[in-house]
Amino acid sequence: MAKAPKTAIEPTREQDYPEWFQQVIKAAELAELSPVRGCMVIKPWGYALWENIQQVLDRMFKETGHVNAYFPLFIPMSYLEKEAEHVEGFAKECAVVTHHRLEPSPDGGLQPAGKLEEPLIVRPTSETIIGEMFSRWVQSYRDLPILINQWANVVRWEMRTRMFLRTAEFLWQEGHTAHATEAEAREETETMLKVYADFAENWMAMPVIQGEKTEGERFPGAVATYCIEAMMQDRKALQAGTSHFLGQNFAKAQKIQYLSDQGEETYAWTTSWGVSTRLIGAMIMTHSDDDGLVLPPKLAPKHVVILPIYKDDSREAILNYCNEIAEALRKQLFANRTIEVEIDDRDLRGGEKVWQHIKKGVPIRLEIGPRDMEKDAVFMGRRDKGPKEKQTLSRSDFIDQAVSILEEMQDNLYQRALEFREDNTKTIEDKETFKAYFTPKNKKKPEIHGGFARAYYVDDPELETFLKELKVTIRCLPFEEETKPGRCFFTGKETSQVAIFAKAY
RNA sequence: CGGAGCGUAGCUCAGCUUGGCUAGAGCGCUGCGUUCGGGACGCAGAGGUCGUAGGUUCAAAUCCUAUCGCUCCGACCA
């Protein structure tokens, strides 16, 4: 008899965090590498998560006055050239289309033919093409604001890729808005950041820190970039969403101008904001454990899986009993959806089946056999508890409590993640402590170390070098900080500016 | 683009140094049987132009040359 591993995922988080992450994705059947370098195939279980993310965010966008539209995948190269900083930021990672036809090649294969007059780039983001359209749509102050979102794929030709966190092609949502006044555009930027924070915390059960990016980390061409930053279980930071105040930079480059109510030709103020399939990576690394994926119930594709256990003679009765429970659950609402129930009647050994669902992160498992049926009960396992911590509940109690159990799990996940972040956030006042905090004991194979460092900070060229050596970045200048002044941990200068430092993805 | 490594069954890999049986194992897959309330076991089976193209040789997965691809580590990034 083969020994079952102690944990469903090997290696464990402690042993090798990056490898654990890959193995969770594999075991949960979220995605796999594709034949195309740097690209991944998102499998049904992973895509269902994305669909749930989309559904919730889409509603939030619409509630804040936005509408969806779709702009082309291909952008004329000259469009990108219009905004200098933007070019600099994205040029290196653009895929370029230079031909529009294939013809037989001498070696029997195919070769590109029909060279394009002007190369097209595959959008790395759509500010330029959308700006071009905005400039056509905006003539009067009465045409503003324009509040648009698009769900799309984008391509950034990255050197190094990691599933869900950084792939050459990824799915995302990009909001683009144009406003008559600076104040309104700034407010939009803040509103959308809050939408992201709300989504992260209340739907993904992932606590985030909201703040502003420093100049070096800003979106190319933006006046200000705001972000939500989350802590993963290896204590590294992950930027989970960004919102940019673009000022009039893009409006000037793309001539988005209008006649004001004073009859003056005026440039609009624009914003853009986005989240991507990276959120799935964030979700995995925030909640999952050494037995696989753990999903926040509000976003789980399935809430409950029922595993019937029967012999041939009891099959029909058990399945009927399971169906009754499933039907009762499906009538209930949880997080704006009916409870999603699957009865897994596949011809597989029970244990094997149970573990598959554990690895996929289904919140509630019900094992139902003759003993349970006799007692009019269910035998329940919860994904936020150990795989062996299971309990018997009467059928009616379970059905009555299902929604509150899911809610409780959602809260537990959030609390657990929040505590983890707080336990691994340290206020630092001097250089030596800072350095020690971010230096692993084992240089060759760094163990999980560090965390978030909260420190007073004054920009300084030497600080940048110092941080670079430690591979630490300034994640953000957080909002909601006390404003009493202190001393910069590095320069010793007095300031009231606090920053969050961390190693990051 | 720099550094390292790897291409042999669906997956993970052994075999290569020292060329030579019919190219192997584990997992997975198919069938049958025993099992089934915690990751099963037995038996039988399917599955490979050894990345590709040249070369050396009586003989190449193995040696040589070229080429393609991928993974990992750096510089860059949501």
Inset, instruction - Start with the C-alpha gap between A/Glu447 and A/Glu14, add the side-chain angles, then the distance that decides, and say whether side chain to side chain contact (heavy atoms under 4.5 Å, CB included) holds. - result: CA-CA 8 Å; A/Glu447 74 282 2; A/Glu14 193 68 43; 5.6 Å; no
Inset, instruction - Evaluate the salt bridge (Lys or Arg N to Asp or Glu O under 4.0 Å) criterion for residues A/Arg421 and A/Glu229: first the C-alpha distance (whole Å), next the side-chain angles of each, then the deciding distance (0.1 Å), finally the verdict. - result: CA-CA 11 Å; A/Arg421 189 186 76 191; A/Glu229 293 282 332; over 6 Å; no
Inset, instruction - Test side chain to side chain contact (heavy atoms under 4.5 Å, CB included) on A/Val354 and A/Arg365 and set out the steps. - result: CA-CA 8 Å; A/Val354 168; A/Arg365 303 181 304 278; 3.9 Å; yes
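Annotation: B/U52 and B/A60 have their P atoms spaced 15 Å apart (nearest Å). B/U22 and B/G48 have their C1' atoms separated by 14 Å, with the value rounded to a whole Å. Here the separation of B/A14 from B/G7, taken at their C1' atoms, is 15 Å to the nearest Å. If you take atom C1' in B/C63 and the same atom in B/G3, they sit 27 Å apart, rounded to whole Å. Comparing B/U56 with B/U62, their C1' atoms sit 13 Å apart, to the nearest whole Å. Of the P atoms belonging to B/G10 and B/G47, the separation is 11 Å, rounded to the nearest Å. For the P atoms, the distance linking B/G19 with B/G28 amounts to 37 Å, nearest Å. With P as the reference atom, B/A53 and B/U71 are 23 Å apart, rounded to whole Å.
Within 4.0 Å (heavy atoms only), A/Phe379 reaches at least one base atom of the nucleic acid. Within 4.0 Å (heavy atoms only), A/Gly369 reaches at least one base atom of the nucleic acid. Counting non-hydrogen atoms under 4.0 angstrom, A/Glu158 reaches a base of the nucleic acid. At a threshold of 4.0 angstrom between heavy atoms, the contacts of A/Tyr505 with the nucleic acid are absent. A/Leu165 comes within contact range of at least one nucleobase, with a heavy-atom separation under 4.0 Å.
With respect to the salt-bridge test (charged N to carboxylate O, under 4.0 angstrom), the residues A/Glu29 and A/Lys359 do not qualify. A/Lys43 has a carboxylate O that lies under 4.0 Å from a charged side-chain N of A/Glu32, or vice versa, which qualifies the two as a salt bridge. Looking at A/Lys311 and A/Asp313, no side-chain N of the basic residue comes within less than 4.0 Å of a carboxylate O on the acidic one, giving no salt bridge.
Taking atom CD of residue A/Gln173 and atom P of nucleotide B/A78, one finds them 16 Å apart after rounding to whole Å. Atom CD in A/Glu10 sits about 17 Å away from atom P in B/U12, given to the nearest Å. In this structure, A/Arg37 places its CZ atom 6 Å from P of B/U71, rounding to the nearest Å. Rounding to whole angstrom units, CD of residue A/Gln23 and C1' of B/G39 are separated by 16 Å. The distance between atom OH of A/Tyr196 and atom P of B/A78, rounded to the nearest whole Å, is 14 Å. The CD-P distance, from A/Glu29 to B/C11, rounds to 16 Å in whole Å. One atom, CD of A/Gln239, and another, P of B/C76, lie 16 Å apart when rounded to the nearest Å. Going from atom NZ of A/Lys353 over to atom C1' of B/G37 covers 12 Å, rounded to whole Å.
Distances from the side chain of A/Lys468 to the nucleotides B/G39, B/A75, B/A78 place B/A75 closest. Comparing B/A78, B/U71, B/A40 by their nearest atom to the side chain of A/Thr167 picks out B/A78. Distance from the side chain of A/Lys26 is smallest to B/C11 among B/G39, B/C76, B/C11. Among B/G39, B/G37, B/A75, the nucleotide with an atom closest to any side-chain atom of A/Arg371 is B/G37. Side-chain proximity of A/Arg160 to the nucleotides B/C72, B/A78, B/G39 is greatest for B/C72.
Side-chain contact check for A/Tyr310 and A/Asp345: at least one donor-acceptor pair (N or O, by modelled atom type) lies under 3.5 Å.
Below 30°, between 30° and 60°, or above 60°: for A/Phe245 and A/Trp269 the angle between ring planes is below 30°, a parallel geometry. Between A/Phe219 and A/His244, the angle of the ring planes stays under 30°, which puts this pair in the parallel group of the 30/60° scheme.
In the region residues 308-322 of chain A, proximity to RNA chain B at under 4.0 angstrom, judged on heavy atoms, holds for A/Ile309. Residues from residues 357-368 of chain A with heavy atoms under 4.0 angstrom of RNA chain B, sorted by number: A/Ile358, A/Lys359, A/Glu367.
A stem is defined here as three or more consecutive Watson-Crick or G-U pairs, each with both distances under 3.5 Å; for RNA chain B these stems are B:1-7 with B:68-74, B:10-13 with B:24-27, B:29-34 with B:40-45, B:51-55 with B:63-67.
Position along RNA chain B of the nearest nucleotide to A/Val36 versus A/Ala504 favours A/Val36 as the more 5'-ward residue. Residue order along RNA chain B, read from the 5' end via each residue's closest nucleotide, puts A/Trp355 first among A/Trp355 and A/Ala168.
For the atom pair CZ (A/Arg162) and CZ (A/Arg160), the distance works out to 7.0 Å, reported to the nearest 0.5 Å.
Distances shown here put a side-chain N or O of A/Arg349 below 4.0 Å from the OP1 or OP2 atom of B/G37.
Minimum interatomic distance between A/Phe438 and A/Gly451 (heavy atoms only, all atoms of both residues): CE2-O, 3.3 Å.
Side-chain atoms of A/Trp273 and A/His176, non-hydrogen and from C-beta on, never get closer than 4.5 Å to each other.
Environment of NZ in A/Lys26: sparse, with no more than 12 heavy atoms of neighbouring residues, nucleotides or ligands closer than 6.0 Å.
Only one option out of A/Val24, A/Ile358, A/Asp289, A/Thr286 pairs with A/Val294 in a side-chain contact (heavy atoms from CB on, under 4.5 Å); it is A/Asp289.
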